[in-house]
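See structure below.
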Amino acid sequence: MRSRRFSGTDWKRILLPVFFIALAGCHARQDNTAPNIEFTKVPPAAQGGREKVDSIAGRVTGARPGQQIVVYARSGPWWVQPWPDKSLIPIQADSTWSTPTHLGFEYAALLVEPGYQAPPTMDVAPVQGGSVTAVTIVKGTGSVALAPTKPLRFSGYDWKIRTIASDRGGLNNLYDGDNAWTDASGALHLRIKKAGDKWSCAEVVLTRSLGYGTYNAVVRDTSHLEPAAVLSLTTFDDWGGEQHYREMDIESSKWGDAASKNNSQFGIQPFFIPGNVAPFQAPSGTLTHSLHWESGRASFKTVRGPSMHAGAPVVAEHVFVSGVPSPGQETFQFLFYVVASDKNPLQKENEVVVEKFEYLP
């Protein structure tokens with residue numbers, strides 16, 4: 001049998017389909033290329049707050065039409081930037097993006113599908129999945145810059161007083177170093193005062209972590225507090241998002257509702273889980289609050305009087321055995337701040353006095 005000789009036309013018939021198949025395969029590989037986000041401008045690594053804003057920028061490869069960028073800055077929680085109602089950042093024709101941002105220790109850029117609704121905060125770093133098709137996280141530039149604080153000595157411990165604003169309680173409250181001080185007897189005073197059209201609050205944070213043990217605080221009468229004022233005795237870890245910031249609370253407030261029969265509560269986070277909050281009604285007069293923290297167990301108690309002695313009249317007590325955090329970098333803190341309330345907004349200056357803080361290993 002003689003072999004067939006191929007003409008030029010025959011070769012075209014054979015090679016053209018092969019060429020188009022190869023070209024289609026090339027396009028398929030391009031279409032399946034995973035999207036990627038890079039940063040071209042990264043702000044400093046700094047403790048966040050409303051006072052300071054910078055810009056952040058980058059470039060995207062492999063994005064599809066309609067996709068947008070969402071940016072988070074980590075300072076404690078991950079906060080969406082620049083604001084929850086302005087979280088979707090368009091990708092320009094040249095594949096670049098940019099936005100103002102408040103400062104943080106780290107920054108995350110997310111490539112998201114159309115219709116994505118960005119959570120205002122996240123406890124842990126965002127990850128790829130669902131409507132989030134790509135995530136890139138970068139540390140802020142330079143050495144970490146912490147917000148300035150004012151030193152304080154109280155009950156034999158060193159504390160620092162907050163001086164920058166915070167959204168705690170749902171309001172943009174100011175914080176002032178002059179809103180916390182000790183008197184001649186050594187008692188700690190915490191104050192909420194008016195500063196222009198905003199309220200200025202107090203936050204006092206222990207300078208070191210103490211871990212497991214018993215935390216006691218003697219607090220003078222809080223029955224005079226307005227419904228929108230909150231006194232919080234709490235543990236908190238800015239770096240502990242995976243354990244809900246290791247937050248455990250003893251709080252005195254009606255949370256903006258004057259009709260509430262309860263004015264105090266014990267709690268662990270997250271507060272929305274049933275059983276994580278134990279409300280109660282605290283009487284007037286001096287009270288001693290106690291948290292005994294051990295592995296898998298957080299025991300709270302409030303008694304009448306200035307000490308946790310045997311036989312002290314018990315006002316309330318509760319034990320949590322589920323969701324109790326383990327030690328990390330948490331610190332004990334006193335906070336005195338304002339919550340948002342349409343029914344009973346704060347009307348005047350409020351003040352509380354903490355006579356004593358005690359820690360027993």
Side-chain angles (χ1 to χ4, degrees), residues 42-56 71-84 86 99-107 120-123 139-154 158-181 188-209 228-241 245-247 249 329-340 346 349-352:
V42 179
Q47 185 173 358
R50 288 177 176 250
E51 295 85 352
K52 291 185 179 181
V53 176
D54 206 320
S55 60
I56 190 168
V71 169
Y72 283 85
R74 181 185 186 187
S75 183
W78 291 86
W79 299 83
V80 72
Q81 300 301 317
W83 305 106
K86 297 181 180 179
T99 183
T101 180
H102 299 86
L103 301 184
F105 304 118
E106 297 178 275
Y107 302 90
T121 62
M122 295 184 182
D123 287 348
K139 293 186 180 298
T141 59
S143 56
V144 173
L146 299 177
T149 58
K150 183 177 179 180
L152 178 76
R153 186 75 176 171
F154 168 57
D158 292 319
W159 307 75
K160 51 188 179 182
I161 307 172
R162 185 183 183 97
T163 63
I164 64 171
S166 170
D167 288 333
R168 185 182 291 268
L171 290 178
N172 177 24
N173 291 317
L174 304 175
Y175 282 77
D176 194 319
D178 292 334
N179 287 339
W181 69 93
L188 172 65
H189 293 246
L190 303 172
R191 175 177 62 188
I192 299 171
K193 68 177 181 180
K194 199 73 172 181
D197 62 346
K198 297 182 181 295
W199 291 106
S200 178
C201 307
E203 178 178 307
V204 179
V205 179
L206 198 60
T207 59
R208 61 190 179 97
S209 179
V230 181
L231 172 64
S232 180
L233 286 58
T234 181
T235 59
F236 196 86
D237 180 359
D238 281 320
W239 302 97
Y245 305 100
R246 296 182 169 86
E247 182 176 348
D249 308 291
Q329 300 181 56
E330 77 291 332
T331 55
F332 191 83
Q333 308 179 8
F334 295 101
L335 298 96
F336 193 39
Y337 63 97
V338 184
V339 293
L346 202 72
E349 182 175 305
N350 283 245
E351 184 176 324
V352 294

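Everything numeric in this text was worked out from a predicted model, so none of it was measured.
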In Å and rounded to the nearest 0.5 Å, what is the CZ to CG distance from Phe236 to Leu335? 9.0 Å
Do Phe105 and Leu146 come close enough that some side-chain heavy atom pair is under 4.5 Å? yes
Using the rule ring-ring contact (aromatic ring centres under 6.0 Å, His included), only one of Tyr337, Phe332, Phe336 pairs with Phe334; which is it? Phe332
What side-chain hydrogen bond (donor to acceptor under 3.5 Å, both in side chains) pairs are there with at least one residue in residues 195-209, not counting sequence neighbours? Asn179-Ser200, Ser209-Glu330
Atom NZ of Lys194 with >12 non-hydrogen neighbours under 6.0 angstrom: yes
Ignoring hydrogens and angles, tell me if any N or O in the side chain of Ser75 forms a donor-acceptor pair with the backbone of Leu103 under 3.5 Å. no
Taking 4.0 angstrom as the limit, do Asp178 and Lys150 come out as a salt bridge? yes
Distance, nearest 0.5 Å, that separates CH2 of Trp79 from NE2 of His102: 10.5 Å
Is there a donor-acceptor pair closer than 3.5 Å between any side-chain N or O of Asp54 and the backbone N or O of Pro44? no
To the nearest 0.5 angstrom, please state how far the CG atom of Asn350 sits from the CG atom of Leu190. 11.5 Å
Side chain to side chain contact (heavy atoms under 4.5 Å, CB included) involving Lys139 - partner list, sequence neighbours excluded: Glu106
Mind checking what makes side-chain hydrogen bond (donor to acceptor under 3.5 Å, both in side chains) contact with Thr234, not counting sequence neighbours? Asp249
Would you indicate whether Lys193, at its atom NZ, is surrounded by more than 12 heavy atoms from other residues, nucleotides or ligands within a distance under 6.0 Å? yes
Separation between CG (Leu152) and CG (Leu206), nearest 0.5 Å, reads 11.0 Å
Would you compute the distance between atom CG of Asp237 and atom CD of Gln333 and round it to the nearest 0.5 angstrom? 9.5 Å
Separation between CD1 (Ile161) and OH (Tyr175), nearest 0.5 Å, reads 13.5 Å
Side chains of Pro82 and Val53, heavy atoms from C-beta outward: is any pair under 4.5 Å? no
